[in-house]
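Side chains included, hydrogens not; waters and symmetry mates left out as well; all remaining heavy atoms used. The first residue in the sequence is number 1, and the count goes up from there.
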Amino acid sequence: RALTEFITEMINPRLGELVLDPACGTGGFLTSAIENIRKQDVKGVKGLKELEKTIHGMELKPLPFMLCVTNLILHDIEVPNVDYTDSLNREYTSISQKDRVDVILANPPFGASVSDGVETNYPQNFRTTESADLFLLLMIRYLKDGGRAGIVLPDGSLNGDGVKQRIRQHFLETCNLHTVVRLPISVFQPYAAISTNLLFFEKGTPTKEVWYWEHKLPEGVKAYSKTKRIQKNEFESLRAWWKKRKENEHAWKVSIKAIAENGYNLDIKNPHTPEEERTYSSSEIVSMLHDSFCKSDELLKALKKELGND
């Protein structure tokens, strides 16, 4: 909840802007956007009706879909605009200007492979079975020029070569990725034990430099857990830094030239922190193996295709 509210606050959707979450789950980002807009812009029934028309979600799983619809109704949205659909399973090029939105807020599923054939909806040079990478492509496509987004992505989408590198290059050439917030590994425990990041970007101008902020665990806390979750007040120093950016022990800046020279790798560690010896949990090792197997599958597919063309 703290992450959802922080991302929404930084993106700051306003009344009249079209807001989309293409993997909305139970509706956390959608309700956070509703609360943000109501607090600033909605004065009466007319404003509420306008707000209702501009909030849009998509969800594939039946239970989260039903909970999302209920959640929106409880937030005074009489007719929730939530589609029971797999947002990835749509022809990429069919998303046109009429579908585009001003704001995207999302925490798409990661560490999973898409169902058979879904990747064929995407251009040949971007085809992958990794859901987080396809969601990044999808969200770039859905944004209007000038549109802005705040999303959660795993480390696995920030690094890697081949198709992953091509997706990141496309991302940085079409959007201004101005901020990456690096989160501690335990933020989503017990649901996922992998390193994640908050990405903030605007579509329409290429990236020139990326600011990074490392969010550290509070003093005395070894890891977040189900009972000891990340709190909203932990973002106070990041909020204060947001509009007056300077390098410090939490923050550093990287030029697009340096990123491009390093294969468009966005997985850049804090240069102010001494390198620590890293130990991996069993679930992290499984996740890394999954990424490795996915990469092997893609290489094998490419090889088979090449051999078939001979």
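With ring centers used as reference points, F235 lies 6.0 Å or more from W213. A distance below 6.0 Å separates the ring centres of F126 and H170. Between F171 and Y264, the distance from one ring center to the other does not fall under 6.0 angstrom.
A salt bridge is defined here as a Lys NZ or Arg NE, NH1 or NH2 lying under 4.0 Å from an Asp or Glu carboxylate O, and E298 with K301 fails to meet this definition. Checked for salt-bridge contact, R148 and D102 miss the test: no charged N lies under 4.0 Å from a carboxylate O.
Proximity of a side-chain donor or acceptor of N265 to a complementary backbone N or O of D267 within less than 3.5 Å is detected.
Figure legend: cation-pi geometry between R141 and Y92, with NZ or CZ positioned under 6.0 Å from the six-membered ring centre and within 45° of its axis.
Partners of L15 under the side-chain contact (heavy atoms from CB on, under 4.5 Å) rule, at least two apart in sequence or in another chain, are I37, D41, V42, E50, L51. Applying the side-chain contact (heavy atoms from CB on, under 4.5 Å) rule to S255 yields the partners K257, A258; only residues at least two apart in sequence or on another chain are considered.
Tested against N270, the residues E249, E214, H250 include a single side-chain hydrogen bond (donor to acceptor under 3.5 Å, both in side chains) partner, E214.
Linking Ile, Leu, Val, Met, Phe, Trp and Tyr whenever their side-chain heavy atoms come within less than 4.5 Å leaves M58 and L60 in two separate clusters.
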- Given the rule in the ring pair (Phe, Tyr, Trp, His ring centres under 6.0 Å) test, do W241 and W211 qualify, once you have shown the distances and angles that lead to the verdict? CA-CA 11 Å; W241 169 87; W211 275 100; 5.5 Å; yes
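Around NZ of K246, the count of heavy atoms belonging to other residues, nucleotides or ligands within 6.0 Å does not exceed 12. Environment of NZ in K144: crowded, with over 12 heavy atoms of neighbouring residues, nucleotides or ligands closer than 6.0 Å.
Heavy-atom minimum distance, G156 versus D291: CA-OD2, 4.4 Å.
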